[in-house]
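None of these values were measured; they are calculated from a predicted model. Values reported hereafter were calculated over all heavy atoms of this structure, with side chains retained and with hydrogens, waters and symmetry mates removed. Just so it is clear: chains get the letters A, B, ... in the order the sequence lines come, proteins before strands, and each one is counted from 1.
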Amino acid sequence: MAETVSLTFPDGSVREVDNATSGADIAASISKSLSKKAVAYAMDGVLRDLSDPVKRDGSIELITRDDPRALELIRHDCAHVLAEAVQELWPGTQVTIGPVIENGFYYDFARNEPFTPEDFPGIEKKMREIIDRNKPFTKDVWSREKAKQVFAEKGERYKVELIDAIPEGDDVKIYAQGDWFDLCRGPHMVSTGQIGKAFKLMKVAGAYWRGDANNPMLTRIYGTAWANQEQLEAYLHMLEEAEKRDHRRLGREMDLFHFQEEGPGVVFWHSKGWRMFQNLVSYMRRRLQGEYEEVNAPQVLDHSLWQTSGHWGWYKENMFKVECADEEAEDKRTFALKPMNCPGHVQIFKHGLKSYRDLPIRLAEFGAVHRYEPSGALHGLMRVRGFTQDDAHIFCVEDQLAEECLKINDLILSAYADFGFDQITVCLSTRPEKRVGDEALWDHAEKIMHRVLEQIAERSGGRIKTAINPGDGAFYGPKFDYYLRDAIGREWQCGTTQLDFNMPERFGAFYIDKDSEKKQPVMIHRAICGSMERFLGILIENYAGQFPLWFAPTQVVVTTITSDADEYAAKVADRLKAAGLVAELDLRNEKINYKVREHSHAKVPVILVCGKREAEEGTVNIRRLGSREQNSLSLEEAVTSLAEEATPPDLRRRRG
RNA sequence: GCUGCUGUAGCUCAGUGGUAGAGCACUCCCUUGGUAAGGGAGAGGCCGCGAGUUCGAUCCUCGCCAGCAGCACCA
């Protein structure tokens with residue numbers, strides 16, 4: 001039934017066309033070259049097959065291959081070609097799903113024999129063949145019965161499951177490229193030739209069917225695909241650069257820390273790394289002054305305390321049990337290494353009666369915790385089994401919640417800014433299905449937090465992004481999570497503010513209210529860095545090891561050209577140390593080239609070269625990391641300006 | 001934890017069914033050289049751990065441990 005619809009074009013012009021007109025027809029009607037170049041079209045921003053009829057009114061845009069939006073199609077089409085190639089090479093391999101992901105795509109296969117990277121060249125060759133065949137993508141809508149029957153006959157049981165999962169009323173679409181076809185939502189480009197050759201298979205890995213660890217494991221092949229060779233190469237180059245700033249590599253190269261077999265997931269901090277760690281702690285500690293009381297709770301506590309907190313029940317597989325190693329020992333009490341600081345802080349709160357006048361009470365701890373993380377989860381400093389949280393617990397009344405949350409927010413944002421992070425997203429997670437605490441309390445708390453979230457956005461003038469994750473809160477209360485974006489665009493969740501309606505009740509914590517009655521306080525858990533170890537890992541990668549002067553573990557190296565100036569260089573180093581800088585003296589009998597190279601590799605921000613000339617003039621020659629420039633200035637000038645530059649940002653603010 | 005891969009000197013990596021090699025780093029000697037590698041000599045290894053096959057295992061097989069990638073997990 002032909003009907004006329006009106007289409008709005010990007011230039012604002014409007015055309016009336018038959019509703020059966022396809023995107024391809026429209027491209028052809030505009031120009032021959034567009035008809036050649038178009039790979040799809042967008043209707044009100046949603047991509048469609050070029051062969052799809054326009055059907056209804058809307059704004060239409062033809063998508064050519066070089067449009068950024070075509071990248072998604074290139075990648076998706078490439079996933080299909082990968083699947084065809086694999087089935088051509090290894091008949092009997094079952095196909096499952098093959099979505100587009102950031103920078104590429106993957107396809108999950110079910111096959112008894114797993115793939116290895118050695119298979120990649122063969123697969124890629126086959127893929128290029130399929131692309132050269134340039135078969136058109138054609139779409140068909142099948143009945144459920146037919147689709148299930150066809151795939152069942154082919155032995156594709158995963159596809160049958162997928163068909164069953166398609167919501168009633170949705171079409172079961174089949175896309176074919178030549179003889180090969182796949183169940184697919186689409187859209188696709190016009191033919192396989194449009195994919196081009198700027199793709200590469202990257203890695204092979206296991207992945208659970210439908211992301212559930214109870215399901216069988218499939219073999220996943222990851223690939224990357226781009227519009228052209230330059231983009232592909234730029235991406236591969238970016239990966240190489242990212243690898244160079246891997247904190248595990250820099251940790252070794254810069255001699256910051258190491259791991260070894262006997263201690264899976266626990267860090268051996270070397271002196272330079274520990275200096276950074278202490279720097280970070282000192283910074284955070286200064287930021288707590290006047291607001292928080294720093295405490296320290298025991299590492300090892302009887303398991304009964306963890307029973308009361310509930311951890312021994314539902315967190316047991318993540319806890320380290322501790323007992324006397326002597327089998328004959330009379331005292332065989334079972335202890336646990338603390339996985340969290342909160343129960344300890346509740347004990348401190350509970351010690352002695354607290355008045356409503358005392359609230360809020362803010363207890364902070366740089367608390368070492370141990371968690372038995374699954375072996376496969378361990379990853380350098382980013383995921384460890386022993387780490388230090390910059391943890392705090394605030395005991396307050398409901399009326400104080402909003403203000404406390406905002407205070408924490410200000411602290412988190414300003415701390416991040418001091419480390420150069422200013423692209424932050426604050427995410428509010430609301431009540432999950434499984435939860436404790438009465439509904440009124442959740443209503444109240446969530447209302448407050450929504451308000452606070454709005455205020456956070458307002459105060460930042462829209463600079464801080466906000467988001468809501470419905471149902472993602474902890475079972476004991478709603479929370480804010482803080483995500484920061486690093487120098488190469490990755491997002492890390494670090495800070496968190498969590499309300500807790502559960503813990504005070506479990507431990508029977510209370511304060512005496514105005515009416516002399518016992519009342520239960522509300523508890524807020526909060527962390528800024530989260531894990532100091534992980535935060536340092538993030539900092540290392542963010543700065544690629546080239547820290548700002550105030551945070552560099554070694555700030556200055558003083559070195560000589562010949563031994564004539566040894567005495568003077570020592571004096572320079574002493575002056576720097578007296579001014580509070582971390583300075584090292586390098587008097588080795590090596591050429592200056594060699595020494596500069598070595599200290600540059602160690603990423604020392606400032607090298608002061610002292611030769612005969614400097615010794616005579618009382619000057620130093622200053623060289624900055626990453627620059628070939630050399631500047632001479634008087635010793636006193638150098639010391640003053642370096643000391644100024646090395647002042648931590650919070651202290652500089654305090655000084656005004 | 002699951003799937004796959006890997007484990008040889010401090011680091012990066014060769015290599016062989018008959019108990020091992022390179023470069024850098026390290027030590028010593030020579031060299032006093034103006035901003036990213038001066039020259040020479042030397043030292044350094046239970047070839048991840050345990051069992052098996054074998055006359056003989058760093059190498060082949062199995063188990064364990066650890067690491068890497070991804071998945072799952074991170075209340």
Side-chain angles (χ1 to χ4, degrees), chain A residues 101 106 108 111 113-119 202-222 243 246 248-249 252-253 255 258-265 309-311 313-318 339-340 342 371-380 382-385 387 429 432 434-436 472-477 479 493 496 498 500 502 525 530-531 534 557 559-566 587-602 607-614 621-632:
Chain A
I101 51 173
Y106 66 77
D108 284 348
R111 178 176 175 237
E113 195 95 343
F115 302 99
T116 74
E118 281 83 72
D119 297 324
M202 302 297 284
K203 54 197 165 198
V204 47
Y208 297 110
W209 167 236
R210 295 187 149 185
D212 186 336
N214 299 312
N215 286 339
M217 184 157 272
L218 309 169
T219 303
R220 175 173 297 179
I221 296 179
Y222 283 91
E243 202 181 315
D246 186 309
R248 292 166 298 184
R249 173 178 176 152
R252 191 174 54 238
E253 289 175 357
D255 193 19
H258 85 269
F259 291 90
Q260 65 187 48
E261 284 204 15
E262 293 83 349
S309 72
H311 293 92
W314 33 265
Y315 197 67
K316 209 174 171 184
E317 70 274 19
N318 284 298
M340 289 184 167
C342 20
R371 300 177 181 181
Y372 199 87
E373 300 287 358
S375 57
L378 301 178
H379 183 92
M382 302 305 193
R383 190 85 179 267
V384 284
R385 287 188 176 153
F387 59 102
S429 295
K434 278 181 77 176
R435 58 179 178 266
V436 299
D472 210 36
F475 74 87
Y476 49 74
K479 61 172 179 176
Q493 194 253 306
T496 186
Q498 309 184 354
D500 189 341
N502 183 238
H525 308 248
S531 147
R534 179 163 172 273
V557 165
T559 191
T560 47
I561 293 174
T562 68
S563 51
D564 301 354
D566 283 5
L587 302 181
R588 287 176 305 168
N589 175 13
E590 295 289 351
K591 287 198 171 176
I592 188 63
N593 284 341
Y594 181 87
K595 292 198 271 194
V596 164
R597 178 183 152 86
E598 205 176 56
H599 298 302
S600 300
H601 277 162
I607 300 174
L608 293 186
V609 177
C610 297
K612 207 172 172 183
R613 205 154 63 214
E614 285 74 17
N621 189 272
I622 180 164
R623 182 191 167 115
R624 297 277 178 165
L625 179 58
S627 161
R628 285 171 185 278
E629 221 174 293
Q630 303 168 33
N631 283 306
S632 268

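- Using atom C1' as the reference point in both G44(B) and U27(B), the two lie 10 Å apart (nearest Å).
- Nucleic acid contact for N621(A): base, since at least one base atom lies under 4.0 Å from a heavy atom of the residue.
- Judged by the 6.0 Å and 45° rule, K203(A) forms a cation-pi pair with Y222(A).
- At most 12 heavy atoms of other shown residues, nucleotides or ligands fall within 6.0 angstrom of atom CD in E113(A).
- Side-chain N/O atoms of D564(A) and base N/O atoms of U32(B) include no donor-acceptor pair closer than 3.5 Å.
- Listed nucleotides A72(B), U35(B), C71(B) differ in distance to R220(A); the shortest reach to its side chain belongs to C71(B).
- At the heavy-atom level, K595(A) lies nowhere under 4.0 Å from the strands shown.
- Between C29(B) and A66(B), the distance separating the two C1' atoms is 41 Å to the nearest Å.
- Side chain E614(A) to base G34(B): a donor-acceptor pair is found below 3.5 Å.
- For the pair Q260(A) and R383(A), both in contact range of RNA chain B, the more 5′-proximal nearest nucleotide belongs to Q260(A).
- Using P as the reference atom, C73(B) and C5(B) are 24 Å apart when rounded to the nearest Å.
- The neighbour count for Q260(A) CD, taken as heavy atoms of other residues, nucleotides or ligands under 6.0 Å away, is above 12.
- Heavy atoms of V609(A) sit under 4.0 angstrom from at least one base atom.
- Closest heavy-atom contact between K479(A) and Q498(A): CB-CG, 3.6 Å.
- Nucleotide U16(B) has no partner under the Watson-Crick or G-U criteria, as no pair reaches both atom distances under 3.5 Å.
- Nucleic acid contact for R248(A): sugar-phosphate only, since backbone atoms but no base atoms lie under 4.0 Å from a heavy atom of the residue.
- As rounded to whole Å, 19 Å separates atom P of A36(B) from atom CD of E253(A).
- Using atom P as the reference point in both G48(B) and G10(B), the two lie 12 Å apart (nearest Å).
- Going from the C1' atom of G50(B) to that of A14(B) covers 27 Å, rounded to whole Å.
- Rounded to an integer number of Å, the gap from E590(A) CD to U27(B) P is 10 Å.
- Nucleic acid contact class of F259(A) (heavy atoms, under 4.0 Å, all strands): none.
- When heavy atoms are screened at a 4.0 angstrom cut-off, P264(A) is found touching the sugar-phosphate backbone but no base atom.
- The gap from the C1' atom of C46(B) to that of A20(B) amounts to 13 Å, rounded to the nearest Å.
- The gap from the P atom of C55(B) to that of C47(B) amounts to 23 Å, rounded to the nearest Å.
- Picking from U12(B), A72(B), A36(B) the nucleotide with the shortest atom distance to the side chain of A377(A) gives A72(B).
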